[in-house]
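All remarks here apply to the structure that follows.
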Amino acid sequence: MRPQTGHPLSYRLLLAVDIQAYSSRSTSEQLRAQSDLCAALDAAAARTGLDRSRWDEQVGGDGELATLPEGTDPAPVAGDFVIAFGRALAELNKGRGDRRALRVRLALHHGTLTAGPFGPAGDAPIVVQRLLDSTPLRRLLRDDAARDVAYAVSDSLFEDVVRTGFCALPPRDFDPIRVRAKGAVFRGHVLTGPLRGPRGADGVPGPPVPSARIPGFPVLA
C-alpha cells in the first residue's frame, strides 16, 4: 500500500541564485544588492514572458531558491532567461566600481520534490544548491572580472534541454563538472563560453559576456 503522506511528489524546474561577496558588504550595501537582484530577476522574467509572482520562492538574504510552476518550458528559462538576466545585471553594473557591482552565481535543475514547512524537500533542491555552491562556479566568477553571472545546469537538465538545440545557449559553450559534497557526487555543466544576448528587433545580437575557458575543467569541488 502506498504511504499517505499528504505531500505528493511533483516534477519541477528549480532556479537558485546567490550574490557574490554578500557578507563583506555593509548593511546599506546589502539592501541595495537585494533590491538590485530582485530588479534584475524581474527584468529578465518580463523580457522572456515569465511571471515571477507564480514562483514559489524560498528567500535568503543573499539569494533565493525558486520553484517554477508546473508546465514551465525549461528551454527558455535555461537559455533566454539567463541571457536576459545577464544583460539586466550588465545594465545595473554600468559605471559602478568593483565593490558596488552585483555579481551572482545561478544554477538550474529539474527533478522531483515535495512541499515542506521550510521549503521544498527532495533530491532536486539539494542538487541545485550543491551546484550553486560548487567550487568551479565560485572560481569562474572570482577569476573572470568581466563576468557578472556564473551559470551552471545539472547533468540531467543539460542532457534533456541544452543538448536538444531548443536552448538559446549552445551545448559547446558548457564544460562538465563533478562536485563532491557531503559524501555524494553531483554532476553538472558550467557555462564557460560567452553569455550572448538573442537578436533584437534590429537583427543585431546583444553584447556577449567574454568567454572564460578555464584550464583543468572538470574540477572536483
Side-chain angles (χ1 to χ4, degrees), residues 1-24 37 55-68 70 72 74 77-78 82 85 103-144 147 149-164 167 169 171-193 212-221:
M1 179 179 295
R2 184 172 63 89
Q4 301 297 316
T5 64
H7 297 279
L9 283 173
S10 61
Y11 194 81
R12 305 285 280 277
L13 182 64
L14 290 96
L15 181 151
V17 64
D18 188 86
I19 299 170
Q20 182 200 41
Y22 180 80
S23 61
S24 67
L37 176 59
W55 294 12
D56 184 4
E57 297 167 327
Q58 186 178 2
V59 179
D62 56 354
E64 73 176 37
L65 171 63
T67 304
L68 277 63
E70 281 190 275
T72 299
V77 181
V82 177
F85 182 58
R103 305 177 70 226
V104 305
R105 303 187 314 280
L106 188 152
L108 282 180
H109 174 55
H110 60 179
T112 55
L113 56 84
T114 189
F118 295 103
D123 286 342
I126 294 172
V127 171
V128 75
Q129 290 286 6
R130 295 291 181 258
L131 293 174
L132 185 72
D133 294 336
S134 68
T135 296
L137 203 61
R138 290 178 180 273
R139 191 173 66 192
L140 179 60
L141 202 59
R142 181 195 68 202
D143 292 348
D144 184 1
R147 187 175 290 262
V149 183
Y151 172 46
V153 299
S154 66
D155 193 54
S156 61
L157 192 143
F158 181 82
E159 293 297 328
D160 293 345
V161 178
V162 178
R163 284 177 59 90
T164 65
C167 177
L169 293 168
R172 66 177 178 273
D173 286 343
F174 289 79
D175 284 340
I177 61 169
R178 186 175 60 172
V179 179
R180 190 180 301 277
K182 299 187 183 298
V185 173
F186 303 87
R187 300 180 185 275
H189 290 74
V190 171
L191 179 73
T192 52
R213 294 281 171 186
I214 297 178
F217 266 176
V219 176
L220 281 175

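Here the straight-line distance linking atom CG of Leu108 with atom CG of Leu14 works out to 9.0 Å at 0.5 Å rounding. How far NE2 of His109 is from CG of Asp123: 7.5 Å, rounded to the nearest 0.5 Å. With rounding to the nearest 0.5 Å, the separation of OG in Ser156 from CZ in Arg187 is 12.5 Å. A distance of 13.5 Å separates OG of Ser134 from CZ of Arg178, quoted to the nearest 0.5 Å. Here OG1 of Thr72 is found 9.0 Å from CD of Glu70. Values are rounded to the nearest 0.5 Å. For the atom pair CG (Asp18) and CG (Leu65), the distance works out to 11.5 Å, reported to the nearest 0.5 Å.
The two residues Val128 and Ala107 come nearest to each other via the heavy atoms CG2-O, 3.5 Å. Taking all atoms of both residues into account, the shortest heavy-atom contact from Asp160 to Thr164 is O-CG2, 3.0 Å. Of all the heavy atoms in Thr192 and Arg147, the pair that sits closest is O-NH2, 3.5 Å. Here the shortest heavy-atom pairing between Ala124 and Gly111 reads CB-C, 3.8 Å.
For Phe174 and His189, the ring centers sit 6.0 Å or farther from each other.
Looking only at distances, a side-chain donor or acceptor of Arg12 sits under 3.5 Å from a matching main-chain atom of Leu68. Side chain of Arg130 to backbone of Ala181: no donor-acceptor contact under 3.5 angstrom is found. Judged by distance alone, with hydrogens and angles left aside, the side-chain atoms of Tyr151 form a donor-acceptor pair with the main-chain N or O of Ala78 at under 3.5 Å.
The side-chain heavy atoms of Thr112 and Ser10, taken from C-beta on, include no pair separated by under 4.5 Å. Inter-residue side-chain proximity for His110 and Val161 is flagged as met; some heavy-atom pair is nearer than 4.5 Å. Side chains of Asp133 and Arg105 form a contact here, defined as non-hydrogen atoms less than 4.5 Å apart. Residues Pro120 and Asp56 have side chains not in contact (no heavy-atom distance under 4.5 Å, counting atoms from C-beta outward). Between Val127 and Leu131 there is a side-chain heavy-atom pair separated by less than 4.5 Å. Phe85 places a side-chain heavy atom less than 4.5 Å from the side chain of Leu37.
Between Leu191 and the choices Asp173, Leu137, Leu106, Asp175, the side chain to side chain contact (heavy atoms under 4.5 Å, CB included) rule is met once, by Asp173.
Within 6.0 Å of CZ on Arg163 lie no more than 12 heavy atoms contributed by other residues, nucleotides or ligands.
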Would Leu169 and Val162 satisfy side-chain contact (heavy atoms from CB on, under 4.5 Å), going step by step from the backbone distance to the final call?
-> CA-CA 7 Å; Leu169 293 168; Val162 178; 5.6 Å; no
